[in-house]
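What follows is a single structure, written as structure tokens, with notes after it.
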Amino acid sequence: MPKDSRPSRYDVLFEPVRIGPKLAKNRFFQVPHCNGGGYRDPSAVVEMRRTKAEGGWGVIFTEQTEIHHTSEITPFIEQRLWDDRDIPALARMAEAMKSHGALAGIQMAYSGINGPNLYSREVPRAVSPGPILTFTADPVQARALDRDGIRDLRRWYRNAFRRAQDAGFDIVCLYGAHGFGILQHFLSRATNQRSDEYGGSLDNRARFVTEMIDEAREETKGEMAISIRMSLHEDGPLGFSNAEVREFIEMKADLPDLWDLAQGTWDACSGTSRFKDEGAQEALVRGIKALTSKPVVGVGRFTSPDAMVRQVREGVLDFIGAARPSIADPFLPQKIEQGRFEDIRECIGCNICVSGDMTGAISRCTQNPTFMEEWRKGWHPERVAPRGKSKRVLIVGGGPAGLEAALVLGKRGYEVALAEAGTALGGRVSRERALPGLSAWGRVADYRAGQIAPLPNVSVYFESRLSASDVLDFGFQHVAVATGAVWRRDVVARHHLGPIPQTGVQVFTPDDLMAGQGPSGGTVLLYDDDHFYMGSVLAELLVARGCRVEFVTPAAKVAEWTENTLEQRLIQSRLMSLGVTLHLSQAPQTLGPGGARIACTYTGNGRDIAADAVVLVTSRIAADSLGPDLAARRADWASAGIASVTVIGDADAPAPIAWAVYAGRRYGEELDARDTGDALPFRREIAELLGAPETHNS
Ligand code: ADP
Ligand code: SF4
């Protein structure tokens with residue numbers, strides 16, 4: 001790899017750094033991150049981590065690994081190291097992580113007050129008794145660990161250390177951060193109300209952590225590096241504050257081989273770009289390095305090499321920790337190493353990846369559609385298969401779906417024509433990036449436009465709104481229709497499956513507002529039956545335009561799906577602080593002159609709301625009829641030389657941007673290789689059945 005192709009100021013990122021008995025080859029540290037696959041999809045996770053190894057990360061971690069069945073976090077799917085039978089899958093993971101010289105790390109968790117044990121049915125054990133603290137408010141409480149319980153727990157950790165070493169890992173991370181790990185539960189007064197030697201003073205609260213690190217060293221004979229992952233700051237009068245974190249680190253300066261620091265709760269740590277900038281945790285972590293001789297890793301959605309260099313040069317961090325940037329671009333280190341900065345696929349900070357974990361699905365990434373498809377579909381973020389038997393493809397529409405399809409097909413060697421009705425690439429992204437807080441989303445378009453530009457076999461035609469006749473006249477072998485969707489101008493979505501009376505009041509859609517139309521004053525009723533980001537973003541836009549906003553939604557909270565992107569609380573708080581009036585569990589019955597009549601979705605009780613205009617954020621429909629028009633003229637395809645017409649992305653069925661990028665990728669990957677659709681289009685692992693089949697002869 002040519003090291004002189006990058007400016008020398010980035011060399012510092014490629015210095016080896018010692019972590020106890022191990023040496024990391026550079027400062028790129030993939031911190032633990034969930035992926036929605038975990039124990040259910042072991043090979044998918046293994047190949048995902050192998051791709052990061054290939055991409056040049058110096059340290060690569062597993063996701064949260066439950067060390068014992070008495071503390072598990074069903075329905076969330078992470079890793080398990082409950083007994084020896086879990087070793088083979090994790091050994092394969094360690095081998096993949098080390099395949100290109102990275103150190104392999106395992107993050108060990110005992111979830112305590114965070115583990116409801118819905119699967120194992122064990123009574124949860126925690127530092128102090130109390131209701132389980134999760135996203136799902138399970139009606140379950142934990143009992144306190146007594147002396148025997150603590151002795152058991154220490155033994156279970158020891159078993160896990162031994163198993164991790166047997167599996168071939170280099171580093172054990174003791175997970176405390178985000179309110180998810182029992183080490184932090186011991187440290188924090190909020191979760192530790194004990195009156196024995198494990199509670200009270202900081203010295204006492206630090207006892208369990210100290211014991212565990214000593215025992216980890218002893219059990220692994222000093223051969224593994226031991227790190228601890230802690231929250232940088234917990235809110236609240238009882239929380240483990242940043243000041244106390246510093247006191248603890250000063251007190252135990254050289255206890256672990258590495259300090260892995262992450263802000264407060266998961267929501268606070270993994271903020272979206274709408275709410276958090278790159279490097280947002282700097283103030284909380286700055287100065288901690290001076291308290292210890294051990295290396296410090298921190299996170300901050302780092303994608304800018306200059307920001308990384310500054311953090312290292314100024315002595316803030318030793319390692320650049322990254323979860324989401326490593327998902328969006330597993331080859332981030334290699335691209336920096338080779339000075340290929342323009343090729344970096346920057347994370348947009350949308351947290352769609354997090355939503356995969358939150359919904360128990362497999363995670364996907366808006367920027368990197370190959371994430372978690374490395375094994376399932378054999379996709380690779382940097383490589384594509386060579387061109388198949390056909391040659392020429394027309395893609396209609398330059399939004400996320402069309403752009404991704406053009407990029408993949410261009411890299412595969414097809415002759416690609418991309419026709420775009422407008423004057424810019426990006427489709428919905430080119431409009432949404434101008435909305436409050438969404439500018440980083442423009443990276444979806446910028447990255448792809450930048451990658452397509454140098455490809456001689458991809459031609460982009462602007463101001464080319466194509467009709468079915470145009471497409472037939474061109475006669476490309478394959479046509480992808482990626483013409484996107486528009487917002488509906490009526491209330492039809494989830495709550496209303498049909499229209500309601502809607503006369504005598506000005507009604508606007510998100511498309512209107514994004515085009516600069518719509519109210520710029522007065523009272524606006526915004527009806528949100530979409531439940532993702534758009535309603536709240538437009539409420540912000542309307543407030544900025546000087547409007548008074550009456551926010552009506554049939555849900556019990558604002559933007560309820562954003563629970564899955566860790567934004568819901570932030571969004572609702574922001575609207576409340578902007579003075580937006582919230583009408584929750586309400587939906588319009590009629591829209592008419594002077595406003596609307598709305599009714600409670602539980603009781604049906606109605607009331608009138610005065611408004612000068614209405615904005616409907618409901619659902620979307622295909623933007624034009626190109627797909628159906630071409631389907632209707634199927635008889636003409638052969639004479640035009642057309643073998644296939646495929647509708648992809650939002651034109652096919654509207655969904656978040658990540659879905660459109662995935663659709664474009666899939667079209668590009670599968671052209672000339674598509675089967676009939678009868679076979680499962682991805683690999684999966686089926687559990688082996690244990691024991692002899694039972695016979696029922698009663
Ligand atoms: P997706 O998310 O599926 O990629 P978008 O709505 O973001 O969809 O993008 C669709 C793009 O297609 C827009 O840039 C739009 O201008 C363009 N488009 C729509 N209809 C046509 C057409 N008939 N011919 C060419 N381009 C079109
Ligand atoms: Fe970043 Fe969004 Fe991809 Fe997550 S899904 S890694 S936040 S671009």
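The analysis underlying the following values was restricted to heavy atoms, covering all of them including side chains, and did not include hydrogens, waters or symmetry mates. Along the sequence shown, residues carry numbers from 1. Atoms within each ligand, like the ligands themselves, are counted from 1 in listed order.
- If you take CZ on Arg383 and CD on Glu54, they are separated by 4.5 Å, rounding to the nearest 0.5 Å.
- At a 4.0 Å heavy-atom cut-off, ligand 1 touches Ala660 through the side chain alone.
- Residue Ala482 has at least one heavy-atom neighbour below 4.0 Å for each of these atoms of ligand 1: 10 (C), 11 (C), 12 (O).
- With salt bridges taken as basic N to acidic carboxylate O contacts below 4.0 Å, one links Glu563 and Lys557.
- Near Gly397, meaning under 4.0 Å from any of its heavy atoms, are these atoms of ligand 1: 11 (C), 12 (O), 17 (C), 26 (N).
- Scanning the protein for heavy atoms near atom 4 (O) of ligand 1, the closest one is Ala401 N, 2.8 Å.
- Heavy-atom proximity to Ile327, at under 4.0 Å, picks out these atoms of ligand 2: 6 (S).
- Taking the six-membered ring where tryptophan is involved, the planes of Phe29 and Phe61 are essentially parallel, since the angle between them stays under 30° and well short of 60°.
- Counting atoms of ligand 1 from 1 in the listed order, those under 4.0 Å from a heavy atom of Gly649 are 3 (O).
- Using a 4.0 Å cut-off to heavy atoms of Asp624, the atoms of ligand 1 that qualify are 20 (N), 21 (C), 22 (C), 23 (N).
- Taking a 4.0 Å cut-off on heavy atoms, Ala419 registers as neighbouring ligand 1.
- How far CZ of Phe28 is from CG of Leu332: 6.0 Å, rounded to the nearest 0.5 Å.
- Interface atoms of ligand 1 facing Arg428, defined by a heavy-atom separation under 4.0 Å, are 2 (O), 5 (P), 7 (O).
- Among all protein heavy atoms, the one lying closest to atom 14 (O) of ligand 1 is Glu420 OE1, 2.7 Å.
- Nearest residue to atom 5 (P) of ligand 1 from Gly484, Ser430, Gly422 is Gly484 (criterion: closest heavy atom).
- Between Trp266 and His178, the ring planes are tilted. Angles from 30° to 60° get that label.
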Chi angles and distances behind the side chain to side chain donor-acceptor pair (under 3.5 Å) call for Thr370, Asn368: CA-CA 5 Å; Thr370 69; Asn368 174 14; 2.5 Å; yes
Stepwise side chain to side chain donor-acceptor pair (under 3.5 Å) check, Gln30 with Arg49: CA-CA 10 Å; Gln30 182 246 272; Arg49 305 280 184 206; 3.2 Å; yes
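- The protein atom (non-hydrogen) at minimum distance from atom 1 (Fe) of ligand 2 is Cys347 SG, 2.4 Å.
- Of all the atoms in ligand 1, the ones that sit under 4.0 Å from a non-hydrogen atom of Ser464 are 24 (N), 25 (C).
- For atom 22 (C) of ligand 1, the nearest non-hydrogen atom from the set Val481, Ile648, Thr483 comes from Thr483.
- Residue, atom and distance of the protein heavy atom nearest to atom 9 (O) of ligand 1 are Gly399 CA, 3.4 Å.
- Each of Asp650, Asp511, Asp530 was evaluated against Arg620; a single residue qualifies, Asp650, per the salt bridge (charged side-chain N to carboxylate O under 4.0 Å, His left out) test.
- Among the backbone and side-chain atoms of Cys365, an N, O or S atom lies under 2.8 Å from atom 3 (Fe) of ligand 2.
- A pairwise comparison of heavy atoms in Val617 and Leu526 identifies CG2-CD2, 4.0 Å as the closest pair.
- Between Leu317 and Gly298, the closest heavy-atom pair is CD2-N, 3.4 Å.
- Given atom 24 (N) of ligand 1, the protein heavy atom at minimum distance is Leu466 N, 3.0 Å.
- The two residues Ile648 and Ala405 have their closest heavy-atom pair at CD1-CB, 4.2 Å.
- Cation-pi geometry between Arg392 and Phe476 is satisfied (NZ or CZ under 6.0 Å from the ring centre, within 45° of the ring normal).
- For Leu261 against Gln281, the heavy-atom pair with the smallest separation is O-OE1, 4.5 Å.
- Taking distance alone, with nitrogen or oxygen atoms compared against 3.5 Å, Val429 stays at or beyond that limit from ligand 1.
- Scanning the protein for heavy atoms near atom 1 (P) of ligand 1, the closest one is Asp650 OD2, 3.7 Å.
- Within ligand 1, counting atoms from 1 as listed, the ones closer than 4.0 Å to a heavy atom of Val396 are 22 (C), 24 (N), 25 (C).
- On a distance-only criterion, Ala421 and ligand 1 share at least one N/O pair closer than 3.5 Å.
- Counting backbone and side-chain atoms alike, Cys350 contributes an N/O/S atom closer than 2.8 Å to atom 2 (Fe) of ligand 2.
- Put simply, the residue from Arg50, Lys52, Glu374, His380 that forms a side-chain contact (heavy atoms from CB on, under 4.5 Å) with Pro330 is Lys52.
- In summary, the atoms of ligand 1 found under 4.0 Å from a heavy atom of Ala485, numbered by their order in the structure, are 6 (O).
- Of all the atoms in ligand 2, the ones that sit under 4.0 Å from a non-hydrogen atom of Thr366 are 3 (Fe), 5 (S).
- Of all protein heavy atoms, the one lying nearest to atom 8 (S) of ligand 2 is Ile348 N, 3.3 Å.
- The shortest contact between atom 6 (S) of ligand 2 and any protein heavy atom is with Arg324 O, 3.3 Å.
- Between Phe371 and Cys365 the shortest heavy-atom distance is CB-CB, 4.1 Å.
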CA sep, side-chain torsions, deciding dist, call: Ser469, Arg633, side chain to side chain donor-acceptor pair (under 3.5 Å): CA-CA 9 Å; Ser469 301; Arg633 295 184 62 181; 3.0 Å; yes
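- Between Tyr175 and Phe180, the ring planes lie perpendicular to each other; the angle is over 60°, past the 30° to 60° tilted range.
- Residue-to-ligand polar distances place Pro400 within reach of ligand 1: an N/O pair is separated by less than 3.5 Å.
- Near Gly349, meaning under 4.0 Å from any of its heavy atoms, are these atoms of ligand 2: 1 (Fe), 7 (S).
- Nearest protein heavy-atom neighbour of atom 4 (Fe) of ligand 2: Cys353 SG, 2.3 Å.
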